[in-house]
> 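Pasting a structure here, questions to come.
Order of the sequence lines fixes the chain letters, A, B, ..., with proteins taken first and strands second; residue numbering starts at 1 for each chain. As the structure is a computational prediction, the values presented were derived from the model and not from experiment.
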2 protein chains.
Amino acid sequence: MATKSKDASTEEKIKEAARTVFTKKGYAATRTRDIAEEAGINLALLNYYFRSKEKLFELVMAEKVAKLFGVIAPIVNNNETSIEEKVTLIVDAYITMLGQNPGLPLFVLSEIRNNPEHFGNRIQAGKLLTESVFVKQLIERKPDINPLHFVINILSMSIFPFIAKPVFESAGVMTATQMNDFAEERRTLIVQWFKAMINS
Amino acid sequence: MATKSKDASTEEKIKEAARTVFTKKGYAATRTRDIAEEAGINLALLNYYFRSKEKLFELVMAEKVAKLFGVIAPIVNNNETSIEEKVTLIVDAYITMLGQNPGLPLFVLSEIRNNPEHFGNRIQAGKLLTESVFVKQLIERKPDINPLHFVINILSMSIFPFIAKPVFESAGVMTATQMNDFAEERRTLIVQWFKAMINS
DNA sequence: GTCTATACAAAGATAGAC
DNA sequence: GTCTATCTTTGTATAGAC
């Protein structure tokens, strides 16, 4: 889209700046001036490329949502893998991705919460949580328990530490690097716990 | 504080309105005018009682933080109860409290994230997570594993469903009432899973 | 495409009457 | 204590020159 430019830039610089600022402060607290400054360009230019703050935000948000839910889509619908293999893959995918994007879940969740009408049924994660191959396998293994419990447990244990990260740091529980090591340890532990859980 | 008034009101009405609006939209997206309207009073009056939007917010936030972390403080430092009993108590306390305040965790966490400097070491949750009786018991039981993993797991499984609630609703996974039943089911399940986890 | 200058709207806060 | 009216700041968006 937009006009071709030699250094494939400016537009992308603004988008990148928008990612940074929106993710850090949230939509409402972000000023377009902040984004312009972060991008090293002028405020008017931002409105030239993207029509408004909201348009720019929607672009960024769509990316973030795709990233947050995209990691598991191919995993949970694979017919070739067992439950246990899927769990390993999900946990690894999330911990790796969130190690690089620690603020992602909290950002997406809180923006959805603050502005639910913007996301009216545009989020397709539902099918992943209720109709995937993974869910079918869980029902077969544990017919008496709502499979969503297990899905939530995996996601909880993988994602929650990153959501709670601001508290850990504010409360001095862990430094950022300790947080990293901590998350790494969980890769194998969560799988192990899940096995105990599903066999209990 | 403030002046006495017959119906013990106005000030409290504003505070209550502030709780509602801040929790629903977050600090940045909240307009003092919204709070005034919700309280059924005038904007000027809000500034008369509380000096500024920020002062009012800090008041509300302090309450919310206390509520979010207060539930577990007496439980995890009890010398008379076993690990398993503590887990049951923690899970029950959180699921009950969050059933009545579903938006609480996401609100507190995202505000801390968006404005970490406001909370510089004012959050005392650290001690609960690292120096409680509960933690000591966990170390004794599983000396080879960082006890924080288990604490996080309990909190994850109890709290995360409420944090993800906006997605469930936006994506049509569950209605609000189904969410309630779902959370209720987890009371006993989480305890059961935790036992499997810690004995594995 | 990029800038400076500015219009316009929204939001926080205060003055002053009652 | 409570209101109406208003000041001031800030933030989004646009006009228009280069």
> Indicate yes or no: does A:Glu63 engage A:Arg19 in a salt bridge with an N to O separation below 4.0 Å.
yes
> Can you spot which of A:Tyr27, A:Phe107, A:Phe22 makes a side chain to side chain contact (heavy atoms under 4.5 Å, CB included) with A:Met61?
A:Phe107
> Run the salt-bridge test on A:Arg31 and A:Glu37 with the 4.0 Å N-O cut-off and return the result as yes or no.
no
> Set out, line by line, the N/O atom pairs under 3.5 Å between protein and nucleotides 13-18 of chain C.
unit_1 : atom_1 : unit_2  : atom_2 : d
C:dA13 : OP2    : B:Lys53 : N      : 2.9

> Quickly work out the B:Glu37 CD to D:dT2 P distance and round it to whole Å.
18 Å
> Round to a whole Å and report the spacing from OH of B:Tyr27 to P of C:dA11.
14 Å
> In whole angstrom, give the distance that lies between atom CG of A:Asp34 and atom P of D:dA13.
14 Å
> Take the protein atom CD1 of A:Ile35 and the nucleotide atom P of D:dA13, then report the distance between them rounded to whole Å.
10 Å
> To the nearest angstrom, how far is B:Phe50 atom CZ from C:dG12 atom P?
15 Å
> Measure the distance from CG on B:Leu45 to P on D:dT2 and round it to the nearest whole Å.
5 Å
> Just how far, in rounded Å, is P of C:dA11 from CZ of B:Arg31?
4 Å
> By the definition side chain to side chain contact (heavy atoms under 4.5 Å, CB included), identify the one residue from A:Thr23, A:Val21, A:Thr20 that meets it with A:Thr30.
A:Val21
> Would you please classify the geometry between the A:His149 ring and the B:Phe182 ring as parallel, tilted or perpendicular, with 30° and 60° separating the classes?
parallel
> Closer than 4.0 Å, any side-chain N/O of A:Thr10 to the OP1 or OP2 of C:dT2?
yes
> Quick check: are there more than 12 heavy atoms from other residues, nucleotides or ligands sitting under 6.0 Å from CD of A:Glu80?
no
> Between P on C:dA11 and NZ on B:Lys25, what's the gap in Å once rounded to a whole number?
9 Å
